[in-house]
Amino acid sequence: MPRPAKQESVVFDLVEVNGPDGDAYDDANGAADEVGGRPDVSAEPRPRPPAGLSGLPRRTWVLAAAAVAGVAVTVAAVDLVRDHRRAELMRTSPVGVESLADRPAETWAVRFDTPVDMGQGTSMDQRVVIMDGLLVVPPTDAQSNWVDPVPGPGEPVLPGFEEVVAIDPAEGGVAWRVPLGERPTCGPTGHDASTSTEVLVCVHGADDAREVLVIAPDGSTRTRSVELAEGEHVFPGPDGLAVRAVRTGDPAGAVECDVSGTCSSGYLTPGRDVRVTAEDAGTGAERWTSLVEFDPMSSMSCQGAFDPGWPTADPATDPDVVTVGAGTETVVVDGCGVSATLSASGIRLDLVGDAGLTDPAWVTELGPGRFAVQSEELGTAVVDEAGTTLHTLDGWIRTDATSPDAPADLWFVKTTTEESGFEAVRQDGSVAWSERYGRSVLLAGRDVVVVNRGNRVVGLERATGAELWSWSGDDLTEMIRSRTLTDGETVALEYLSRDGSSDGLLVTLDLDTGRQLWHMPLAGPAIAVDGHLVEFTREGVRGLG
């Protein structure tokens, strides 16, 4: 590549004029230049030196003033760049908002196809997913808490959208809509904006004609029919997977239970294993298969728990019922006598260190390629997607909201069975500090850790655990603290009505001081999407900015 042409240098000459201060000032007009011994009235008035610099030569104070102005401009520019970088960083996080400096107002609104009935609560039951910065909202399914399972004759009314709808969180425009058929279910999705995907997989259609539909971030689709064996079901999975599940072996038969929960067989044994097969959702090519073995369990624990028709269905336990859920990077298998969590590559995660064989274990996604396998007996094993143990901890990791500008230097670990208390543990396993009264971590910030102490919210210094500030919302005791959002300088606490009968509240506190900045009512739960604040109401979705 040729070098750019060399430009001529620009030279500025600093000329010092005679006089005790480098200039002679005319009291009338401030002109310093004289032509023929008289003031040059055509000359521009020269600036007077700032107070305190009048004893210095003009060249000196001009240079000093320019330096001060340059510093001010530089500081302002640095602040602007820093704020821009911070706002961009917040857009990468499910708890990050570009700015919470001012109380927001509605900027856009998109109405549901069917509003939520006034008799239904507005807890965050609507499942969503983020695709390339868009808020993608699938149709409500029959398992939603927004749905009245006994509405009267006919099928329950499903509030929300009738199609998969993608919304621009900045301007509220509907980017695309994709229609679905009978009994749709899509994944991976979550109840907040913590789930992101490059491919959304939906399964829909009649029982004997199920189809797998793959949706790209631009709304383009690919669909294929699925041939299912007897008793086999197909579910959406993570990483562009469709997951099949079927019981193996001889049928065990049904267990009858009455409305009181008394069953004809109190314990389910023997039972049937489940074969799980993951395939490419678009092509059907098999990626992996795994066998989840049956574990005897109480028949009452199975009653209705995995039945899509529950509680309207007859009170009977079908030991062959099985469901599959999709996390961002996990496949979760549940059913009578079976419970397993596998990575998207098919590795059984809940059996790490014999967990799950002698003691039930649960798996929590910690971030890309990292999982916490936790049990009462073994504490926590931090593993990768291959099931390799990276760390072991004596207790359970609290996976609460983390600001995207916070360092990855601490885990917050509950080490006792008591309601409150946890330890801040370094990556090498040593304890940095302990918190005796905290019930949960509301936000792990860059310099401040915000902790719930029941009736109080406190800010603790991240390095030492020392209390920096305390805030109490005395008039919010009848509300549920739902989620936490941040812009890196402010923490926003979301409170919702326990029964959905009244408005919620969003309260913001300065992270450094705990001083309350502003508050506003919420008609429903609010989430952060690509740095923007989005609220779900009974009528639909609206932007706050």
Side-chain angles (χ1 to χ4, degrees), residues 93-97 100 123-124 191-194 362 364 366 372 374 380 393 395-406 409-425 431-499 504-520 522 525-528 533:
S93 169
V95 302
V97 180
L100 291 167
S123 60
M124 186 59 186
H191 288 291
D192 50 27
S194 61
W362 61 95
T364 303
L366 296 178
Q374 306 180 92
T380 298
L393 299 168
W396 315 315
I397 294 180
R398 294 182 176 276
T399 53
D400 300 288
T402 300
S403 180
D405 61 351
D409 59 342
L410 295 175
W411 281 308
F412 302 100
V413 181
K414 182 176 176 58
T415 58
T416 69
T417 57
E418 297 179 3
E419 183 179 1
S420 60
F422 60 87
E423 292 179 339
V425 180
V431 177
W433 45 268
S434 298
E435 161 62 18
R436 180 179 178 184
Y437 304 107
R439 296 185 179 180
S440 61
V441 175
L442 300 178
L443 178 70
R446 182 189 63 226
D447 303 309
V448 179
V449 178
V450 182
V451 174
N452 167 31
R453 285 186 179 172
N455 62 343
R456 289 193 303 148
V457 173
V458 298
L460 306 180
E461 186 178 40
R462 185 182 183 96
T464 66
E467 183 175 327
L468 300 174
W469 51 261
S470 175
W471 177 84
S472 177
D474 294 332
D475 56 344
L476 302 176
T477 56
E478 298 303 317
M479 306 185 78
I480 300 174
R481 188 183 295 111
S482 177
R483 61 177 48 80
T484 308
L485 305 170
T486 186
D487 63 1
E489 296 183 342
T490 306
V491 57
L493 306 175
E494 184 177 319
Y495 293 84
L496 297 178
S497 170
R498 292 183 182 275
D499 57 4
L505 195 69
L506 190 67
V507 181
T508 60
L509 309 175
D510 183 277
L511 266 176
D512 291 330
T513 66
R515 180 174 64 89
Q516 182 172 324
L517 302 177
W518 53 262
H519 67 275
M520 65 173 291
L522 288 177
I527 58 177
L533 196 59

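Note: hydrogens, waters and symmetry copies are ignored here, and every other heavy atom, side chains too, is used.
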*Asks:* Is there a side-chain contact between Pro525 and Leu496 (heavy atoms, below 4.5 Å)?
*Replies:* yes

*Asks:* Quick one, Trp471 and Val507 - any side-chain contact, counting heavy atoms below 4.5 Å?
*Replies:* yes

*Asks:* Please examine the side chains of Leu493 and Leu476, heavy atoms only from C-beta on, and report whether any two atoms are closer than 4.5 Å.
*Replies:* no

*Asks:* Take Leu506 and Leu533 through the side chain to side chain contact (heavy atoms under 4.5 Å, CB included) test and state the conclusion after the steps.
*Replies:* CA-CA 11 Å; Leu506 190 67; Leu533 196 59; 4.0 Å; yes

*Asks:* Between Asp510 and Arg515, does at least one N-O distance fall below 4.0 Å, as a salt bridge requires?
*Replies:*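 A salt bridge is absent here (no side-chain N lies under 4.0 Å from a carboxylate O).
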
*Asks:* Return the set of residues passing side-chain contact (heavy atoms from CB on, under 4.5 Å) with Arg439 (not counting sequence neighbours), or none when no residue passes.
*Replies:* Glu419, Ser420, Asn452

*Asks:* What do the steps show when you test Val491 against Leu442 for side chain to side chain contact (heavy atoms under 4.5 Å, CB included), and what is the final call?
*Replies:* CA-CA 9 Å; Val491 57; Leu442 300 178; 6.0 Å; no

*Asks:* With sequence neighbours left out, what residues match Ala528 under side-chain contact (heavy atoms from CB on, under 4.5 Å)?
*Replies:* Val97, Leu485

*Asks:* With a 4.5 Å heavy-atom cut-off, do Val448 and Leu468 have their side chains touching?
*Replies:* yes

*Asks:* So do Leu100 and Trp518 actually touch side chain to side chain, heavy atoms under 4.5 Å?
*Replies:*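 They are in contact (side-chain heavy atoms under 4.5 Å apart), so the answer is yes.
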
*Asks:* Quick one: are Thr484 and Val95 in side-chain contact, heavy atoms under 4.5 Å?
*Replies:*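 A side-chain contact is absent here, since even the closest heavy-atom pair is not under 4.5 Å.
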
*Asks:* Counting only N and O atoms by type, is there a donor-acceptor contact under 3.5 Å from the side chain of Ser434 to the main-chain atoms of Glu423?
*Replies:*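 No, Ser434 side chain to Glu423 backbone: no donor-acceptor pair under 3.5 Å.
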
*Asks:* Side chains of Arg446 and Ser403: does their closest heavy-atom pair fall under 4.5 Å?
*Replies:* no

*Asks:* Check step by step if side chain to side chain contact (heavy atoms under 4.5 Å, CB included) holds for Leu443 and Leu511.
*Replies:* CA-CA 10 Å; Leu443 178 70; Leu511 266 176; 4.2 Å; yes

*Asks:* Among all residues two or more places apart in sequence or in another chain, which pass the side-chain hydrogen bond (donor to acceptor under 3.5 Å, both in side chains) test with Arg453?
*Replies:*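 Expected list: Glu435, Glu467.
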
*Asks:* In terms of ring plane angle, is the pair Trp433 and Phe412 parallel, tilted or perpendicular, where the classes change at 30° and 60°?
*Replies:* tilted

